[in-house]
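Written out below as structure tokens is the structure these notes cover.
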Amino acid sequence: MEAKYHTQSTRADRMSPLFGILLVVLIVAALFALDFLLTYLMLRHMIGDTLRTVILLACAGALLVFVFTRYALVSVYEVDGVKITFSRIYVKKPRLMEQILLREAVMLSEPEEAAQKYACESTKRFTTARSPYPVRALVYKRSGAYHRILFNPNEEISTALSEALAKK
């Protein structure tokens with residue numbers, strides 16, 4: 001019996017040009033409004049110039065991270081019967097982030113259940129808020145320690161992983 005290959009991408013539909021322009025305009029307007037407010041507070045001697053600059057840069061960085069993770073970062077899951085791979089696409093090309101042999105997998109469940117049953121040494125996240133699928137935890141054992149990966153598998157990948165775990 002040949003194992004099937006399953007793949008899933010968290011890429012959402014393409015953003016419409018109008019939405020992209022609106023998003024950029026809103027971000028720029030929010031940064032200008034924040035700068036105006038912070039300048040007003042600075043001129044009233046309520047905050048210093050250094051604090052104004054730090055707050056403005058921190059908010060700009062937070063907006064950049066939010067937009068990047070919400071609209072540009074894509075995760076790809078691939079199961080081939082022997083292993084599951086997790087890749088990330090930042091701009092164009094996928095980059096392999098994690099590869100787990102299915103024989104190392106211990107449990108596929110809800111994150112809370114996995115946290116109660118296993119004391120995991122590390123957790124990696126390949127989730128997205130845009131996914132219609134619930135967050136699942138894959139616990140695996142490597143080098144004597146348990147690790148956990150959180151991701152949003154579709155039905156095909158969940159079934160393939162459950163079948164692989166049932167064969168153990």
Side-chain angles (χ1 to χ4, degrees), residues 1-28 30-31 58-143 145-168:
M1 184 167 146
E2 188 176 316
K4 285 191 166 186
Y5 177 80
H6 303 283
T7 186
Q8 176 189 351
S9 173
T10 61
R11 182 182 310 263
D13 294 334
R14 290 197 79 111
M15 183 186 306
S16 72
L18 183 61
F19 181 75
I21 292 169
L22 181 64
L23 183 66
V24 170
V25 167
L26 285 175
I27 290 171
V28 170
L31 289 174
C59 289
L63 274 171
L64 175 71
V65 168
F66 172 75
V67 168
F68 180 74
T69 57
R70 178 80 177 154
Y71 298 106
L73 187 65
V74 176
S75 295
V76 177
Y77 321 133
E78 298 171 330
V79 178
D80 66 2
V82 176
K83 65 186 178 304
I84 180 168
T85 58
F86 296 91
S87 303
R88 285 219 173 102
I89 301 173
Y90 295 108
V91 177
K92 203 170 197 178
K93 297 190 190 279
R95 292 167 176 84
L96 178 65
M97 302 304 286
E98 188 67 47
Q99 182 171 310
I100 300 162
L101 296 174
L102 294 180
R103 68 174 185 232
E104 295 176 323
V106 177
M107 176 184 206
L108 177 68
S109 67
E110 300 298 320
E112 296 81 22
E113 185 181 340
Q116 290 173 355
K117 193 163 182 181
Y118 295 99
C120 296
E121 198 172 273
S122 67
T123 299
K124 293 184 181 177
R125 288 173 178 76
F126 295 94
T127 60
T128 181
R130 299 182 310 258
S131 178
Y133 305 108
V135 175
R136 303 292 305 256
L138 177 66
V139 178
Y140 63 99
K141 188 174 184 178
R142 185 175 286 163
S143 302
Y146 291 103
H147 305 275
R148 178 173 68 165
I149 290 186
L150 300 177
F151 67 118
N152 303 92
N154 60 16
E155 292 86 13
E156 290 178 353
I157 292 185
S158 292
T159 303
L161 290 172
S162 297
E163 288 173 359
L165 287 168
K167 288 179 185 177
K168 287 176 76 173

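In this structure, NZ on K93 lies 13.5 Å from OG on S87, to the nearest 0.5 angstrom. Note: R136 CZ to S162 OG = 6.5 Å, rounded to the nearest 0.5 Å. Here the CG atom belonging to L161 is positioned 9.0 Å from the NE2 atom belonging to H6, to the nearest 0.5 angstrom. To the nearest 0.5 Å, the span separating CD on E156 from OG1 on T7 amounts to 10.0 Å. Atom CD1 in I27 sits 4.0 Å away from atom CG in L23 (nearest 0.5 Å). Of the inter-residue distances, the one linking L31 atom CG with L26 atom CG reads 11.0 Å to the nearest 0.5 angstrom.
Counted by atom type alone, E78 and T85 present one or more donor-acceptor pairs between their side chains at under 3.5 Å.
What you find for T128 and T10 is that their closest heavy atoms are CG2-CB, 3.6 Å. In plain terms, the two heavy atoms of S131 and N152 that are nearest each other are OG-CB, 3.3 Å. The shortest non-hydrogen separation linking A114 to M107 is CA-SD, 4.2 Å. Contact detail for V135 and P111: the closest heavy-atom pair is O-CD, 3.5 Å. Minimum interatomic distance between Y140 and R148 (heavy atoms only, all atoms of both residues): CE2-N, 4.4 Å.
A donor-acceptor pair under 3.5 Å is absent between the side-chain atoms of E163 and the main chain of S158, judged by distance alone. Checking side-chain atoms of N154 against main-chain N and O of Y133 turns up no donor-acceptor pair under 3.5 Å.
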Steps toward salt bridge (Lys or Arg N to Asp or Glu O under 4.0 Å) verdict (E98, R142): CA-CA 12 Å; E98 188 67 47; R142 185 175 286 163; 2.9 Å; yes
Full working for salt bridge (Lys or Arg N to Asp or Glu O under 4.0 Å) between K141 and E104: CA-CA 5 Å; K141 188 174 184 178; E104 295 176 323; over 6 Å; no
Side chain to side chain contact (heavy atoms under 4.5 Å, CB included) between V74 and R88, intermediate numbers included: CA-CA 6 Å; V74 176; R88 285 219 173 102; over 6 Å; no
Let me have the donor-acceptor pairs involving side chains of residues 65-73, under 3.5 Å, with sequence neighbours excluded, atom names and distances please.
residue: T69; atom: OG1; partner: V65; partner atom: O; Å: 2.9
residue: T69; atom: OG1; partner: F66; partner atom: O; Å: 3.2

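Each of F151, F86, Y77 was checked for a ring pair (Phe, Tyr, Trp, His ring centres under 6.0 Å) with F126, and the lone residue meeting it is F86.
You'll find the side chain of L102 stays beyond 4.5 Å of the side chain of V82, heavy atoms only. With contacts defined as side-chain heavy-atom distances shorter than 4.5 Å, the pair H147/C120 does not qualify. No side-chain heavy atom of T123 sits under 4.5 Å from any side-chain heavy atom of I149.
The ring-ring contact (aromatic ring centres under 6.0 Å, His included) contacts involving residues 93-124 comprise Y118-Y146, where partners must be two or more places apart or lie in separate chains.
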